[in-house]
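Below is one structure, written out as structure tokens; the observations come after it.
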Amino acid sequence: MPEGPELHLASLFVNSMCSGVVFTGPVQRSEVSKNSEVPFSCLAYTITATSRGKEVRLTLKPLKSGPALDISMRDQQPMDVVFRFGMSGLFRFTTEEELPKHAHLRFYTNEKPSRVLSFVDSRRFGSWQPSGTWQADRGPCVMFEYQRFRENVLSNLNDRVFERPICEVLLNQKYFNGIGNYLRAEILFRSNIPPFVKARTALEQLHLMDLSEEKQTHREVKEEVADMKMFNTTAVKETDMEEKLKEEVTEIPDLLSLCNSVPLEVINMGVKGYDPGQNHYTELKAWFQCYSVAGMRSTRDHNSRTIWFKGDPGPLAPKAKKRLKNDDHAGKKKKAKFPKKGKVKKEVEVPQKQTGRKCVMNSQEVRENVTRGRKAPQRHSGRMTRSNSHVQAQ
DNA sequence: CGTCCACGTCTAC
DNA sequence: TAGACCTGGACGG
């Protein structure tokens with residue numbers, strides 16, 4: 001499950017499980033791993049973690065202690081190891097006996113029967129770098145460096161990458177560090193921006209808004225709704241517009257604030273029982289409003305990744321692609337798949353309309369709130385579960 | 001059995 | 001912009 005929220009939950013998991021725990025000896029790498037050895041060995045050390053976008057950094061810190069028995073364990077300097085999770089990476093903390101399959105990097109405690117913090121990665125697309133730093137060309141974290149993230153996007157709209165469809169740019173980690181395939185779908189769904197609108201078109205109006213220090217007035221909101229209507233014909237009806245005008249302006253999130261608030265929602269979901277490998281994905285699936293949801297539409301983007309959406313694909317949608325090799329991300333046409341039985345069963349439906357989260361614009365206040373807020377209270381209003389009530393994508 | 005699909009990068013024509 | 005890198009779950013015959 002690794003997008004920004006899962007990486008952050010992984011860091012919370014490590015800090016929670018390893019608090020007060022002493023590790024010892026060398027860091028062990030699996031035989032099969034192609035990643036580097038981690039040249040760290042110490043009689044007694046601690047592990048802490050932090051995250052940024054789609055990376056996690058572990059800090060291994062030697063404890064002051066008596067003379068080491070093994071010379072190789074002396075004079076060990078602290079070391080950071082920076083992880084990317086690929087498609088399947090996660091951390092687990094188990095006994096040595098219960099070491100999971102695919103535990104490719106392992107840190108052993110000094111306990112009687114050792115316990116082991118391990119980086120588990122069945123597909124091995126994940127990577128780590130000893131003495132690592134945050135990858136240089138990844139942008140600020142969408143979750144925890146929100147103002148810098150926003151600035152980085154809005155001050156670089158001249159970059160040619162913003163000529164690509166917004167759904168594709170949302171996966172560009174230079175600007176959207178932390179967003180992945182499920183988040184882009186959920187974010188665009190809530191913004192009501194068609195996935196294949198040119199990114200610059202979807203974003204440059206936010207730039208203008210940021211330039212004006214004035215609070216939003218209802219008049220401005222009205223104009224925004226009108227603008228939206230122009231580039232998303234399916235989105236806004238007169239009644240919706242009326243509702244928009246009645247809404248508190250501060251409840252209308254723009255695309256960039258959604259890039260912050262939507263991942264934070266996922267984090268807040270997971271924080272209670274945060275073993276990232278366990279119930280989290282089940283909970284996530286129940287939370288999806290668009291990604292892989294029955295009745296939503298899906299197609300391949302220009303990089304052959306599946307984009308889920310509702311309604312109009314937008315002007316830059318790819319024309320039918322030829323069949324290619326049978327491999328990940330190799331283009332194939334795919335229709336919306338339906339969830340296996342057992343999943344959608346008894347859900348009774350809550351009509352789609354409250355997804356009148358339609359407005360593309362927002363106010364300064366929203367940003368302030370979202371940025372500062374540790375919680376993401378704006379959701380939870382309606383259904384939290386996946387269901388086929390969304391049917392009608394057509 | 002087989003085929004398709006997956007929450008992500010990387011790098012080589 | 002194709003692959004390449006991988007394992008494993010879901011589903012079809």
Side-chain angles (χ1 to χ4, degrees), chain A residues 1-10 30-35 51 53-56 82-91 100-104 119-129 134-139 142-143 161 164-165 167-168 170-187 262-263 266-267 269-270 276-288 290-294 298-308 318-319 321-344 386:
Chain A
M1 313 130 275
E3 297 185 19
E6 288 74 25
L7 280 272
H8 184 68
L9 289 169
S30 75
E31 284 300 315
V32 69
S33 174
K34 290 174 179 169
N35 283 303
S51 77
K54 247 182 270 183
E55 297 183 303
V56 164
V82 173
F83 291 80
R84 263 154 273 140
F85 279 18
M87 296 285 261
S88 56
L90 57 99
F91 280 105
K101 202 176 175 186
H102 308 298
H104 295 302
F119 177 66
V120 179
D121 181 14
S122 61
R123 295 187 72 179
R124 272 181 275 153
F125 293 169
S127 62
W128 62 79
Q129 286 193 265
W134 302 130
Q135 196 169 256
D137 45 10
R138 304 183 77 104
V142 296
M143 298 166 292
V161 310
R164 307 298 310 160
C167 72
E168 294 170 15
L170 283 173
L171 294 184
N172 185 332
Q173 303 296 299
K174 180 174 177 186
Y175 293 106
F176 295 90
N177 189 7
I179 303 302
N181 205 27
Y182 80 71
L183 282 172
R184 71 167 176 175
E186 295 298 318
I187 288 164
V262 172
V266 177
I267 289 173
M269 268 173 33
Q278 293 298 292
N279 307 319
H280 180 66
Y281 196 58
T282 309
E283 237 194 306
L284 240 203
K285 283 188 287 187
W287 170 86
F288 290 148
C290 179
Y291 179 78
S292 140
V293 168
S298 69
T299 187
R300 297 302 182 119
D301 67 16
H302 292 96
N303 302 310
S304 300
R305 303 211 64 192
T306 302
I307 173 70
W308 290 84
K319 288 304 166 192
K321 292 190 79 173
K322 52 193 170 161
R323 254 193 153 54
L324 294 169
K325 217 183 138 198
N326 171 20
D327 193 10
D328 281 10
H329 305 171
K332 264 177 241 284
K333 305 187 74 173
K334 242 298 234 137
K335 307 214 96 167
K337 71 180 169 200
F338 284 72
K340 47 178 192 175
K341 31 291 206 89
K343 179 153 296 180
V344 159
R386 169 178 181 182

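Chain A is the first sequence line, chain B the second, and so forth, proteins listed ahead of strands; every chain is numbered from 1.
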Q. How long is the line joining CD of A:Gln173 and P of B:dC10, in whole Å?
A. 10 Å

Q) Below 4.0 angstrom from OP1 or OP2 of B:dC10, is there any side-chain N or O of A:Gln135? A) yes

(Q) Which label fits A:Tyr281 and A:Phe288: parallel for a plane angle under 30°, tilted from 30 to 60°, or perpendicular past 60°? (A) perpendicular

(Q) Let's see if you can work this out: which of B:dC10, C:dT7, B:dG8 has an atom nearest to the side-chain heavy atoms of A:Arg84? (A) B:dC10

Q: To the nearest 0.5 Å, tell me how far A:Ile179 CD1 sits from A:Ile187 CD1.
A: 3.5 Å

Q. In Å, rounded to the nearest 0.5 Å, how long is the span from CG of A:Asn177 to CG of A:Leu7?
A. 9.0 Å

Q: Measure the spacing between OG of A:Ser298 and OH of A:Tyr291 and express it to the nearest 0.5 Å.
A: 10.0 Å

Q: Have a look at A:Val266 and tell me which of A:His8, A:Met143, A:His280 forms a side chain to side chain contact (heavy atoms under 4.5 Å, CB included) with it.
A: A:His280

Q: Check whether any side-chain heavy atom of A:Ser33 sits under 4.5 Å from a side-chain heavy atom of A:Trp128, and report yes or no.
A: yes

Q) For B:dG8, does either OP1 or OP2 sit under 4.0 Å from a side-chain N or O belonging to A:Arg305? A) yes

Q) Got a sec, which residues hit ring-ring contact (aromatic ring centres under 6.0 Å, His included) with A:Phe85, two or more places apart in sequence or on another chain? A) A:Phe91, A:Phe119

Q.
Would you say that A:Glu3 contacts A:Leu284 through its side chain, given a criterion of any heavy-atom pair below 4.5 Å between the two side chains?
A. no

Q: Send over the distance from A:Tyr281 OH to B:dC5 C1', rounded to a whole Å.
A: 11 Å

Q. Of the nucleotides C:dT1, B:dG8, C:dT7, which has the atom closest to the A:Asn181 side chain?
A. B:dG8

Q: Check every atom of B:dC10, C:dT1, C:dG8 against the side chain of A:His102 and return the nucleotide holding the closest atom.
A: C:dG8

(Q) Is the phosphate of B:dA6 approached by A:Arg300 (side-chain N or O, under 4.0 Å from OP1 or OP2)? (A) yes

Q) Could you give the CZ-to-P distance, from A:Phe83 to B:dT9, as a whole number of Å? A) 16 Å

Q) Looking for any heavy atom pair under 4.0 Å, which part of the strands does A:Glu55 touch: base, sugar-phosphate only, or nothing? A) nothing

Q: Provide the distance between the two C1' atoms, one in C:dT7 and one in B:dT11, to the nearest whole Å.
A: 22 Å

Q: State whether the aromatic ring of A:Phe125 stacks on the base of B:dT9, taking stacking to mean ring centres under 5.5 Å apart and ring planes under 30° to each other.
A: no

Q | Integer-rounded Å distance: C:dA4 P and A:Met87 CE | A | 17 Å

Q. So how far is it from A:Asn181 CG to A:Met87 CE, rounded to the nearest 0.5 Å?
A. 8.0 Å

Q | Contact under 4.0 Å: A:Lys101 side-chain N or O vs C:dG8 OP1/OP2 | A | yes

With 3.5 Å as the limit, what N/O pairs link the protein to nucleotides 11-13 of chain B?
none

Q) Within less than 4.0 Å of OP1 or OP2 of B:dA6, is there a side-chain N or O belonging to A:Thr306? A) yes

Q. Do A:Arg124 and A:Val32 have side-chain heavy atoms sitting under 4.5 Å apart?
A. yes

Q: Mind checking which stems touch DNA chain B? I mean at least 3 consecutive Watson-Crick or G-U pairs, both distances under 3.5 Å.
A: B:1-6 with C:7-12, B:8-12 with C:1-5

Q) Base, sugar-phosphate, or nothing for A:Arg138, non-hydrogen atoms under 4.0 angstrom? A) sugar-phosphate

